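As the structure is a prediction and not an experimental result, all values here were calculated from the model. The basis for the numbers below is simple: all heavy atoms, side chains too, and nothing from hydrogens, waters or symmetry mates. Numbered from 1 within each chain, the chains take letters A, B, ... in sequence-line order.
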Amino acid sequence: MIPRGITVSLPATSLFFPPLPSTKPLHPLTPPHPKKKKSQKALSLRLSLMASKTLTEYERKRLENIKRNDEMIASLMLQRKAADLSSSIKRLKPQIRPLKRHSPEKNNKTPVVIRRSLRARGIPPDAAAKGSPPPPSPPAPPPPSPAKSPSLTIREASSNAPGKDRRLIETVARMCENAPLSPPKRMSSTDGPLDLRSLKLEPEHVARIISGRIMAVQFFPFVDRRVVAVGGKFGNVSFWDVDCGLDGGNDADDDGVYLYGPHTSPVSGISIQPFSLSKVLTSSYDGFIRLMDVEKETFNMLYSGDDAIYSLSQRPLETNVYFGEGQGGLKIWDERAGKVLSSYSLHEKRINTIDFSSCNANLMATSSTDGTACIWDLRKISKHRPGSLRIHQHEKAVHSAYFSPSGSCLATTSIDNRIGILSGDNFMDVSMIRHDNQTGRWLSSFRAIWGWDDSHVFVGNMKRAVDVISTVKKTTTAMESPLMTAIPCRFAAHPYRHGTLASTTSGGQIYMWTST
DNA sequence: TGGGGTATTATCACC
DNA sequence: GGTGATCCATACCCCA
């Protein structure tokens with residue numbers, strides 16, 4: 001039985017090509033053209049519990065972080081009191097450093113339509129379920145003008161009503177308290193396979209939360225809450241707390257959407273580490289990497305360069321930042337030292353994605369407009385002769401290369417209308433799947449992401465659907481909904497809630513599919 | 001061979 | 001429902 005609001009195209013079409021013989025030697029190989037708060041009581045309880053067993057690296061890092069956060073909060077309480085005191089002074093004299101606000105003209109022309117739930121707007125869900133698109137929300141103020149100032153407070157970057165930011169800050173703080181001491185668990189065989197037909201799109205899970213094209217999307221790794229972060233074309237970053245209604249006491253204006261403008265150019269990447277939930281990293285074509293620290297209430301600059309940053313990632317259990325800069329460059333930013341640790345030229349053209357294997361954090365996958373997806377062993381990578389472990393050649397630009405949840409497979413997406421599934425020893429078994437990836441100029445390129453196990457990848461469909469490719473059955477199935485009125489381009493899978501999938505469009509919408 | 005020009009594509013605001 | 005504007009991607013063609 002197919003749930004309401006979803007149409008599944010059956011029978012599925014087998015579109016797999018036979019595995020291709022690899023034409024590239026395994027190793028060593030050089031790329032084609034290398035130039036390229038918690039109370040003290042609770043904390044001590046947690047520590048004593050942890051002392052009773054051997055700590056894993058992950059747990060150790062989490063405890064360190066909690067400890068650091070507590071110290072920080074203690075100091076912040078003092079700072080807050082000082083700030084309260086000085087605020088009365090600020091009202092009497094002008095700001096010493098006024099925030100530069102120079103929003104692009106087009107931003108004023110295209111005001112963001114802040115999401116209002118159907119319930120809040122007094123519209124019965126049935127109306128939307130019948131296929132009629134949600135009525136346009138009243139125009140909201142234009143997105144915040146991004147500032148080039150290295151130091152920026154959350155309030156300065158915010159375009160939310162005064163006081164609204166506090167809700168997001170409090171939510172994140174609460175989630176940090178309940179953060180698990182284990183990393184996201186991938187689906188085990190005992191969980192059983194996810195029934196894709198159980199995925200459905202409800203009217204309250206459709207929202208337009210940003211103006212313009214969504215370039216990047218990421219879930220906060222919260223166990224009990226669905227909060228998604230998106231980065232937009234105008235340098236804006238928006239958060240959607242889908243479960244904000246669970247808190248109770250919220251007024252009708254609390255739509256769970258929080259909008260900020262930390263960048264001046266498109267946001268290319270978002271990274272949130274599970275052991276450091278209050279820190280959100282964003283990268284942009286403006287050459288900046290910003291760190292949104294929810295506890296410090298800042299949006300400070302971490303790194304700035306002359307070249308555009310096209311991709312951003314972090315290794316599991318590590319605070320260093322890996323980012324793709326300029327034409328094929330990869331840099332590693334040492335967060336503790338506050339400087340660039342290493343710089344490599346890995347590709348001929350821009351690096352579109354960087355990803356790390358969950359089973360071996362030394363394995364890094366990159367995808368590039370130069371037509372290749374490469375797997376690198378970070379232990380063997382050198383500045384002068386960066387040699388990749390594996391090169392997967394496409395005919396045209398490659399827009400993503402992501403490791404599967406187990407780390408044993410890699411999915412690549414290229415505008416040559418193929419999706420590659422690499423598996424087996426040294427990723428030498430290759431299946432090429434035909435898929436229309438011609439998004440053109442006005443849409444973000446498609447990037448196939450893995451679901452919650454190694455059996456499915458999700459990718460956009462030019463007919464306003466989500467294509468689900470089974471790597472086992474070698475079939476492609478389209479998930480459709482009348483609520484989906486635009487083409488989904490970029491996706492994120494909730495790390496803890498299996499079956500919760502965020503799909504985003506070039507019109508600023510999010511469609512959040514959920515499993516019942 | 002490299003740089004410049006152009007075609008392609010979807011979405012949204014406005015009429 | 002039609003139309004114009006968008007313009008931060010890419011491939012391809014042509015010409016110097």
Side-chain angles (χ1 to χ4, degrees), chain A residues 33 35 103-115 132-143 146 206-216 230-236 261 263-269 282-288 305-312 324-328 347-353 367-373 393-400 412-418 435-447 460-466 483-490 503-511:
Chain A
H33 300 279
K35 33 166 182 173
S103 61
E105 199 182 337
K106 55 183 166 263
N107 282 9
N108 296 329
K109 287 178 183 172
T110 55
V112 68
V113 179
I114 292 295
R115 181 230 173 210
S132 56
S137 306
V206 176
R208 184 174 176 235
I209 67 165
I210 209 166
S211 71
R213 182 188 300 188
I214 292 177
M215 311 285 290
V230 303
K233 193 180 75 172
F234 300 126
N236 36 11
H263 293 285
T264 57
S265 294
V267 175
S268 54
T282 58
S283 63
S284 169
Y285 289 15
D286 63 13
F288 283 32
D306 294 331
D307 295 317
I309 297 170
Y310 294 109
S311 45
L312 175 78
E325 185 184 59
Q327 295 301 307
H347 286 273
E348 261 195 326
K349 293 184 179 175
R350 55 187 268 185
I351 297 173
N352 294 307
T353 58
S367 65
S368 171
T369 301
D370 69 9
T372 64
Q393 185 81 44
H394 277 268
E395 288 176 14
K396 293 181 182 175
V398 188
H399 274 278
S400 68
T412 64
T413 313
S414 167
I415 63 164
D416 68 1
N417 282 346
R418 284 177 170 84
H435 191 269
D436 179 10
N437 297 328
Q438 298 304 308
T439 50
R441 186 184 184 183
W442 311 117
L443 298 184
S444 294
S445 55
F446 286 164
R447 291 178 178 177
N461 177 312
M462 289 299 282
K463 293 187 172 71
R464 297 184 180 88
V466 179
L483 295 174
M484 205 153 69
T485 56
I487 296 168
C489 297
R490 300 283 163 93
S503 53
T504 64
T505 76
S506 287
Q509 297 101 328
I510 291 192
Y511 304 107

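For the pair A:M462 CE and B:dT11 P, the computed distance is 8 Å after rounding to whole Å. Atom CZ of A:R490 is separated from atom P of B:dT11 by 15 Å (rounded to the nearest Å). Here the P atom of nucleotide B:dT9 and the NZ atom of A:K463 are 13 Å apart, to the nearest Å. Atoms CD1 (A:I214) and C1' (B:dT11) sit 13 Å apart, rounded to a whole Å. Rounded to whole Å, the distance from NZ on A:K233 to P on B:dC12 is 12 Å. Atom-to-atom, NE2 of A:H263 to C1' of C:dC8 comes out at 15 Å; the value is rounded to the nearest Å. Straight-line distance from the CE atom of A:M484 to the P atom of B:dT11: 11 Å, rounded to whole Å.
In this view, A:Y310 satisfies the side-chain hydrogen bond (donor to acceptor under 3.5 Å, both in side chains) rule with no residue, not counting sequence neighbours. Residues passing the ring pair (Phe, Tyr, Trp, His ring centres under 6.0 Å) test with A:H399, sequence neighbours excluded: none. Legend: residues meeting side-chain hydrogen bond (donor to acceptor under 3.5 Å, both in side chains) with A:T504, ordered by chain and number and at least two apart, are absent. Qualifying ring pair (Phe, Tyr, Trp, His ring centres under 6.0 Å) partners for A:F446, counting only residues two or more places apart in sequence or in other chains: none. With sequence neighbours excluded, no residue forms a side-chain hydrogen bond (donor to acceptor under 3.5 Å, both in side chains) with A:R213.
A donor atom on one side chain and an acceptor atom on the other are found under 3.5 Å apart for A:N352 and A:T369.
Taking 4.0 angstrom as the limit, A:R464 places a side-chain polar atom (N or O) nearer than this to OP1 or OP2 of B:dT11.
Here C:dC7 is the nucleotide among C:dC7, B:dA13, B:dT11 with the atom lying nearest to any side-chain atom of A:W442.
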Legend entry - nucleotides 9-14 of chain C: protein proximity per nucleotide (B base, S sugar-phosphate only, - neither; heavy atom, under 4.0 Å): BSSS--
